[in-house]
Number of protein chains: 2
Amino acid sequence: MENYDVKSEVTDKFSLRGRVFNKIREDILSGKYKEHEELKEVAIGEELGVSRTPVREAFRQLELEGLIKIIPNKGAYVTGITTKDVQDIYMIRSLLEGLCARWACDHITPEQMDEMEENVYLAEFHASKGHLDQMAELDNRFHDILYEACDSKMLEHLLKDFHAYVLRVRKKTLASEQRSNASNNEHRKIMEAIKEKDKDRAEKVAHQHMINAYENMMKNGLCETYDAPDPGSEQ
Amino acid sequence: MENYDVKSEVTDKFSLRGRVFNKIREDILSGKYKEHEELKEVAIGEELGVSRTPVREAFRQLELEGLIKIIPNKGAYVTGITTKDVQDIYMIRSLLEGLCARWACDHITPEQMDEMEENVYLAEFHASKGHLDQMAELDNRFHDILYEACDSKMLEHLLKDFHAYVLRVRKKTLASEQRSNASNNEHRKIMEAIKEKDKDRAEKVAHQHMINAYENMMKNGLCETYDAPDPGSEQ
DNA sequence: TTGCGTATTATTGTATACAATCTGTATAAA
DNA sequence: TTTATACAGATTGTATACAATAATACGCAA
């Protein structure tokens, strides 16, 4: 009855287990728990009103998601992201977003195409009004639509993972008005290429979009990472 | 002291938790547990001589690895892999292996270069003798060396995941003598390109290597998947 | 026989108890 | 003062007990 997802996310966001998992995940992504901070099972359990068991299970999943690192018999620590990690992710993403856009040309549904088009128009409207929050929201949504449109559970899951991952360090990327206009432009190009089913162009512009986003982020120092995670031990 | 891995694998393969996780993982990859088979916590716990708790935690991780799907209050089921999934993975891998080879040009250590060269020579030797097991082993190891040589924890982890994933369905890919010779040839080309630090060529041949492997697998029907995971419900 | 409703059983979800391990401190010896 | 050691506390690892849920079997009526 249910389709068999391959890389499946946590099955039910509304089960208790799912709630615990998502809450901790949110808290890490939002920055409530800082990098390298130790997460105590009992403390988090009490905060959420549950015992250690569901917390531990959530920890195991968060470890595989890469958000925390569990050292046996010691504890769970929020992972640090280095500048190189971010750079690597953007390079990987640039390839995969290109592939995603290519596949979307063949598999996008009319509904998804409509939403993508609407997204671009809305983003341009909010850009003209300087509505930063809405723009960030629309930017995220644009990519989600794209991921869903490629009609590949594998690729969609992968890209959503990476997307969430970089959100931890990409706090204010779109803050610059200049970049947000450029970004909207690039979204429009991607959208149009997909609409015209021009696979090569779609792949190329989606690829370039990531490269541009990355370079902007780095150029403006909008990426908060620790390059020397353990001061005093190495490098 | 320890470096902070981003996408970290299960931390300690030799801890009890790690052992349970790896054992179940092995059993799925080896085919002991068939696709869509339900995994019972107590049964597996008894088999491994542990209680449900470690088994459950292993399940949570296996779910995120994509090997099983957990339906709340129902059970854990070995995921099915469709032909499309395999196809998608190979397309994704072809891009990422290309990137990996490119990065390896810059970051490979002399020791890794030596091992890769040795691997190629050994593989050719065993090919001439018809030693199938050793050839499969060397083939897997070649890719692992490549993944490690790119010096990117992110990419290495991703590719190792995918690699293990397709091993589930790619049982006898190298069985054909013709393909194994071609594969060795391609490995040699990758190795030589990296040795000469020719990034463009390295990326291209690594990319093509995946495409060829995929086409061979599909052409010969060496991929065992279920395309209709739930007979009678849809399609 | 078939269909429905209830009871029983099996299995998962959660909490708790206990064991093992690690960390930090205090004390004593060099 | 420094170092080593032993103890105490905290924290994680595992097992078990109990609760909730789903699957099954059974009985009864149509």
Side-chain angles (χ1 to χ4, degrees), chain A residues 1-2 4 8-25 27-28 33-34 36-64 67-79 230 232-233, chain B residues 1-2 4-5 8-25 28 33-34 36-64 67-79 230 232-233:
Chain A
M1 184 161 292
E2 195 63 27
Y4 290 80
S8 67
E9 58 269 42
V10 171
T11 311
D12 184 356
K13 286 189 199 303
F14 305 106
S15 68
L16 176 53
R17 170 168 71 92
R19 281 214 317 279
V20 173
F21 174 84
N22 279 293
K23 180 64 168 63
I24 303 174
R25 190 169 183 276
D27 286 343
I28 294 175
Y33 301 127
K34 301 282 184 289
H36 307 139
E37 182 173 343
E38 183 170 2
L39 301 182
K40 305 276 172 61
E41 294 172 356
V42 281
I44 291 179
E46 281 174 8
E47 191 183 325
L48 302 180
V50 295
S51 75
R52 286 174 55 211
T53 313
V55 177
R56 282 179 63 83
E57 297 192 355
F59 276 14
R60 296 295 173 271
Q61 301 185 291
L62 290 164
E63 179 178 38
L64 275 209
L67 292 178
I68 68 177
K69 179 178 180 68
I70 297 174
I71 300 177
N73 291 315
K74 280 203 61 183
Y77 303 86
V78 179
T79 50
D230 194 2
S233 77
Chain B
M1 181 161 295
E2 196 62 28
Y4 290 81
D5 290 357
S8 67
E9 59 269 44
V10 171
T11 311
D12 184 355
K13 287 189 199 299
F14 305 106
S15 69
L16 177 52
R17 170 168 70 91
R19 281 213 318 277
V20 173
F21 174 85
N22 279 294
K23 180 63 167 62
I24 302 174
R25 190 168 183 276
I28 294 175
Y33 301 128
K34 302 283 183 289
H36 307 138
E37 182 172 343
E38 181 169 2
L39 302 182
K40 305 276 173 59
E41 295 172 356
V42 281
I44 292 179
E46 280 174 7
E47 191 184 326
L48 301 180
V50 296
S51 76
R52 285 174 55 212
T53 313
V55 175
R56 281 180 63 83
E57 298 192 356
F59 276 13
R60 296 297 173 270
Q61 302 185 287
L62 290 164
E63 180 178 36
L64 276 209
L67 292 179
I68 68 177
K69 179 177 181 66
I70 297 173
I71 300 176
N73 291 314
K74 279 202 59 182
Y77 303 86
V78 179
T79 52
D230 195 1
S233 77

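Reminder, nothing fancy here: chain letters follow the sequence lines and each chain counts from 1. Note that the structure is a prediction, hence the values are computed from the model and not measured.
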Any side-chain N or O of A/R60 below 4.0 angstrom from OP1/OP2 of D/dG13?
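Affirmative; the distance criterion is met.
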With respect to the phosphate group of C/dA15, does any side-chain polar atom (N or O) of A/S51 fall under 4.0 Å of OP1 or OP2?
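True: A/S51 side-chain N/O within range (under 4.0 Å) of C/dA15 OP1/OP2.
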At a cut-off of 3.5 Å, list every protein nitrogen or oxygen paired with a nitrogen or oxygen from nucleotides 7-11 of chain D, distance to 0.1 Å.
residue : atom : partner : partner atom : Å
D/dT11  : OP1  : A/K40   : NZ           : 3.2

Flag the pair A/R60 / A/I70 as yes when at least one side-chain heavy-atom distance between them is below 4.5 Å, and no otherwise.
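In short, these two side chains touch, coming nearer than 4.5 Å.
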Can you measure from CG (A/D27) to CD (A/E47) and round to the nearest 0.5 angstrom?
6.5 Å
Distance, nearest 0.5 Å, that separates CD1 of A/I68 from CD of A/E38
11.0 Å
Whole angstrom is fine here: how far is it from [atom1] in [X] over to [atom2] in [N]?
X     : N      : atom1 : atom2 : value
B/E57 : D/dT12 : CD    : P     : 12 Å
B/I68 : C/dT12 : CD1   : P     : 11 Å
B/R52 : C/dT14 : CZ    : P     : 11 Å
B/I71 : D/dA22 : CD1   : C1'   : 12 Å
A/E63 : D/dT12 : CD    : C1'   : 14 Å
B/Q61 : D/dG13 : CD    : P     : 11 Å

Contacts of type side chain to side chain donor-acceptor pair (under 3.5 Å), residue B/E37, not counting sequence neighbours:
none
Could you list the residues that satisfy side chain to side chain donor-acceptor pair (under 3.5 Å) with A/K74, not counting sequence neighbours?
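Side chain to side chain donor-acceptor pair (under 3.5 Å) list for A/K74, sorted by chain: empty.
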Please report the closest heavy-atom contact between A/A58 and A/I24, naming both atoms and the distance.
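Closest approach of A/A58 to A/I24: CB-CD1, 4.1 Å.
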Which nucleotide sits closest to the side chain of A/R56: C/dA15, D/dG13, C/dG13?
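For the A/R56 side chain, the nearest candidate turns out to be D/dG13.
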Using the closest heavy atom to pick a nucleotide of DNA chain C for each, name whichever of A/G49 or B/A76 lands nearer the 5' end.
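Taking each residue's closest nucleotide, the earlier one in sequence belongs to B/A76.
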